[in-house]
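The structure appears right after this line, and notes come after that.
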Amino acid sequence: MESLPGAVRTPAQELGDTLVDWFATAARDLPWRRPDVDAWAVLVSEVMLQQTPVSRVEPAWREWMARWPTPASLAAASPAEVIRAWGKLGYPRRALRLREAAVTLTERHDGAVPADVAALEALPGIGVYTARAVACFGHGQPQPVVDTNVRRVVARLIHGRAEAGPARAADLADVALLAPPEPARAVRFSVAAMELGALVCTAGTPRCGACPVRDRCAWRLAGCPPYEGPPRRVQKFAGTDRQVRGRLLDVLRAACHPVPAAELEAAWDDAVQRSRCLDSLLVDGLVEQTPDGLFTLPRG
DNA sequence: CATGCGTGGCT
DNA sequence: TAGCCAAGCAT
């Protein structure tokens, strides 16, 4: 058993404490949270989890880590291999950037994942959220970690609003107010706040009956007022370039050899849109054209 | 700062 | 059923 926190608490820190204690019993047993995983495994999980649900990441992460357990091993893989292994996690540019990050780690960080937030943010595909998540969950640093779940939790718990607005610079400071002062507890608070947003304080139909801080939640105390703000734009998919790019990549992932343009015509009828999307895939480095005009995943 | 970028499950 | 939603990032 861990000793009880010794320092005096602010009311906000008492909320953070309650979340830490709740997490001890309510946390999901996710493979990248096991004590033996290293910072590289955490980094890979965090990149995969950028906009992709846990349920789809889990099997992909297991296969990925078995195949490329170190930055150096991934750096040695070809883009084509990496794109295929990414499978249908979505946003395949993430796979390319993860490989580029592995190259940078191998060439400039002795094959290790740095613990420094600024060094992490300098890696391709690693932004404000992921850099802090890796420093915190991968290296045990007491960093504030703010993702969409945490912003929603803070919006309700502290500000009494139903939803978080757009990200603000003050988000990090808001979360820091809740964090317990002991470093080890602060680390667990960061993951606990995310877990509460993922399991209880969800975007639609929050499970307030299961919430450990419902009696101190500013949103509940205000009577759960509805969201007032600019209507969020709905992200369309059917018929967009994103769908067409996905179809084209589907063909190339399945092909064992470079394919002629004619073989890509089956992926989408509209030739203008198809051509535009193929061009954008070439620009992104997700597709490569051979000297004889065939198309393939980039062989590096 | 708004937009584009995949995919699939859920209500 | 047609949105809505899921541990963001780069531009």
Side-chain angles (χ1 to χ4, degrees), chain A residues 23 27-28 30-33 41-61 83-84 86-98 100-101 120-138 143-154 163-169 171 175 190-199 201-207 227 230-253 267-268 273 276-277 279-281 283-287:
Chain A
F23 182 78
R28 291 167 291 180
L30 301 175
W32 45 85
R33 288 179 179 169
V42 170
L43 191 157
V44 172
S45 77
E46 291 297 341
V47 172
M48 288 183 169
L49 287 163
Q50 292 169 0
Q51 301 285 279
T52 301
V54 166
S55 59
R56 275 198 287 152
V57 165
E58 256 200 74
W61 180 86
I83 293 165
R84 283 206 175 85
W86 195 255
K88 308 208 77 173
L89 289 179
Y91 296 142
R93 292 186 298 190
R94 288 182 293 165
L96 239 35
R97 289 179 182 141
L98 185 51
E100 290 162 12
L120 287 163
E121 274 193 69
L123 297 170
I126 307 299
V128 169
Y129 161 75
T130 305
R132 282 164 183 77
V134 171
C136 188
F137 310 143
Q143 290 287 339
V145 174
V146 180
D147 72 336
T148 184
N149 286 314
V150 173
R151 291 199 306 110
R152 185 174 56 249
V153 167
V154 168
E163 295 179 28
R168 303 172 302 128
D171 289 340
V175 176
S190 285
V191 65
M194 290 176 59
E195 193 78 337
L196 188 79
L199 298 181
C201 196
T202 49
T205 323
R207 302 172 53 222
Y227 173 70
R232 302 188 310 134
R233 283 185 173 79
V234 178
Q235 179 134 264
K236 298 293 183 193
F237 179 66
T240 63
D241 285 3
R242 289 208 323 283
Q243 183 181 25
V244 178
R245 284 165 56 104
R247 292 270 192 91
L248 292 170
L249 226 42
D250 249 351
V251 173
L252 295 177
R253 269 195 301 258
W268 198 256
Q273 190 178 19
R276 179 175 69 237
C277 290
D279 281 345
S280 75
L281 288 169
V283 168
D284 286 350
L286 284 162
V287 174

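Letters A, B, ... mirror the listed sequences (proteins, then strands); counts begin at 1.
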Selected nucleotide, minimal atom distance to [X] side chain, candidates [options]:
X        : options              : answer
A:Lys88  : B:dG8, C:dA7, B:dC5  : B:dG8
A:Asp241 : C:dA6, B:dC5, C:dG8  : B:dC5
A:Gln50  : C:dA6, C:dG8, B:dG4  : C:dG8
A:Val234 : B:dT7, C:dG3, C:dA10 : C:dG3
A:Ala203 : B:dG6, C:dC5, C:dG8  : C:dC5
A:Arg97  : C:dA10, C:dA7, B:dG4 : C:dA10
A:Thr130 : C:dA7, B:dT7, C:dG8  : C:dG8
A:Tyr91  : C:dA7, B:dC5, C:dA6  : B:dC5

Have a look at [X] and say if it touches a base, only the backbone sugar-phosphate, or nothing, with a 4.0 Å heavy-atom cut-off.
X        : answer
A:Leu98  : nothing
A:Val145 : nothing
A:Leu249 : nothing
A:Asp284 : nothing
A:Gln243 : nothing
A:Arg151 : nothing
A:Arg276 : nothing
A:Trp86  : nothing

Do any side-chain nitrogens or oxygens of [X] fall under 4.0 Å of OP1 or OP2 in [N]?
X        : N     : value
A:Gln51  : C:dG8 : yes
A:Ser45  : C:dA7 : no
A:Arg245 : B:dG6 : yes
A:Arg152 : C:dA6 : yes

Find which nucleotide of DNA chain C each of A:Thr52 and A:Val128 is nearest to by heavy atoms, and output the residue with the more 5' nucleotide. A:Thr52

Closest-nucleotide ordering on DNA chain C, the 5'-leading residue of A:Glu121 and A:Arg56: A:Arg56

Expressed in angstrom and rounded to an integer, what is the separation of A:Lys236 atom NZ from B:dT7 atom C1'? 16 Å

Separation of B:dT7 P from A:Arg94 CZ (nearest whole Å): 10 Å

Let me spell it out: for each of A:Ser280 and A:Ser55, pick the nucleotide of DNA chain B with the closest heavy atom. Which residue's pick is nearer the 5' end? A:Ser280

Please tell me which of A:Leu286 and A:Pro166 maps to the more 5' nucleotide of DNA chain B, matching each residue to the nucleotide holding its nearest heavy atom. A:Pro166

What interatomic distance, in whole Å, is found between P of C:dA7 and the corresponding atom of B:dC5? 22 Å

